[in-house]
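If you're wondering where the values come from, they're calculated on a predicted model, not measured in any experiment. Order of listing sets the numbers, starting from 1, for every ligand and every atom in it.
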Amino acid sequence: MTRQPSSPATELREWDASSYHRVANPHVDWGRVVLERLPLRGDETVIDAGCGTGRLTELLLERLPHGRALALDQSTNMLDQAALHLTPRFGDRVAFRQADLASLDLDMVADAVFSTATFHWITDHERLFTALYRALKPGGWLVAQCGGGPNIASINHQAQAVMREEPFARHMGDWTGPWFFAGADDTATRLHDAGFVEVDTHLVAAPVALESEAAFREFLTTVVFGTHLNRLPTEALRAKFIDRLVRWSAGQQAAWHLDYWRLNMVARRPVASSRRGVMC
Ligand SMILES: C[S@@+](CC[C@H](N)C(=O)[O-])C[C@H]1O[C@@H](n2cnc3c(N)ncnc32)[C@H](O)[C@@H]1O
């Protein structure tokens, strides 16, 4: 089983939401496929867990003509951008709430939970799955995807090396990064342990090729290494950190490539279940 890093369960982080909204195109492509796996009639209440700027919440709402989406995220910037994007079109069919998913306190409010590219930012998957199980009504589906297995192993390996060098090392200490890339089997075990049934998990390669050096630089800055950059005290140092990774990629046979791997999961809260002695 993949070992989970110790606490904190979540690295608090703000995002450059307008840049994310523009550049996170691979995430939308991946998310479309995840959404196709979600069985919907069209009148349900569905949580988008880690909604980001709402580009996928929008596609979710298109599948809910008589339903509602509850868009959850811990980032104020992301939620503000999502509200700008979604409220004019969907009005009160979408609600926004700032929340740490691992500490979610919702009880049987959702017919389904949908989530993309978010769970690997949370290190305590036991707590996360328990909280999501609780938020689901009996019979509700969890359909999600996140980074897993050897996700972005090449550039992460390179970043680890840069982080151990000065002038970065004094700011990074022994921190190794914010992510938890779980495996398929250990995730299935954690989902079962949280009470889920009909569990299916699998990893797929989802490589991304950015079109130019500038696009690669912005993608690393906004999407991949924002938490790393938060630890560096000056703009010059942050630019230097990204420069090192851009220069490394330029020297690779396939420049501007990222070896993304996606962990997919489908699981269901039983229609009538007994978990930890509680009849639901
Ligand atoms: C890479 S973005 C994905 C956004 C969107 N789902 C997409 O696919 O474009 C990850 C999102 O997860 C959110 N996030 C990370 N940790 C979280 C937590 N513990 N609770 C709630 N949201 C979290 C971030 O704020 C961010 O908006």
Just jot down the ligand 1 atoms closer than 4.0 angstrom to any heavy atom of D100, in number order. 18 (C), 19 (N), 20 (N)

Given C51, G50, A117, which one has a non-hydrogen atom that is nearest to atom 10 (C) of ligand 1? A117

Any side-chain donor near an acceptor of the partner, H257 and Q252, under 3.5 Å: no

Without swapping roles, check the side chain of R268 against the backbone of G139 for a donor-acceptor pair under 3.5 Å. yes

Pull out every atom of ligand 1 sitting under 4.0 Å from any heavy atom of L56, numbered as shown with elements. 7 (C), 8 (O)

Sequence neighbours excluded, every pair satisfying side-chain hydrogen bond (donor to acceptor under 3.5 Å, both in side chains) that has a member inside residues 24-33: N25-R55

M78 heavy atoms, cut-off 4.0 Å: which ligand 1 atoms fall inside? 27 (O)

Could you check whether the rings of F219 and Y260 sit parallel, tilted or perpendicular, using 30° and 60° as the cut-offs? perpendicular

Contacting atoms of ligand 1, where contact means under 4.0 angstrom from a heavy atom of G52: 4 (C), 27 (O)

Which of Y133, F181, F180 passes ring-ring contact (aromatic ring centres under 6.0 Å, His included) with H125? It is F180

Give the atom numbers and elements of ligand 1 that come within less than 4.0 Å of a heavy atom of A99. 20 (N), 21 (C)

Would you mind running through ligand 1 and noting each atom that sits below 4.0 Å from a heavy atom of W121? 1 (C), 10 (C), 15 (C), 16 (N)

Report the part of W30 (side chain from C-beta onward, or backbone N, CA, C, O) that has a heavy atom under 4.0 Å from ligand 1; answer both or neither where that applies. neither

Would you check if the side chain of N77 reaches a backbone N or O of W15 as a donor-acceptor pair within less than 3.5 Å? yes

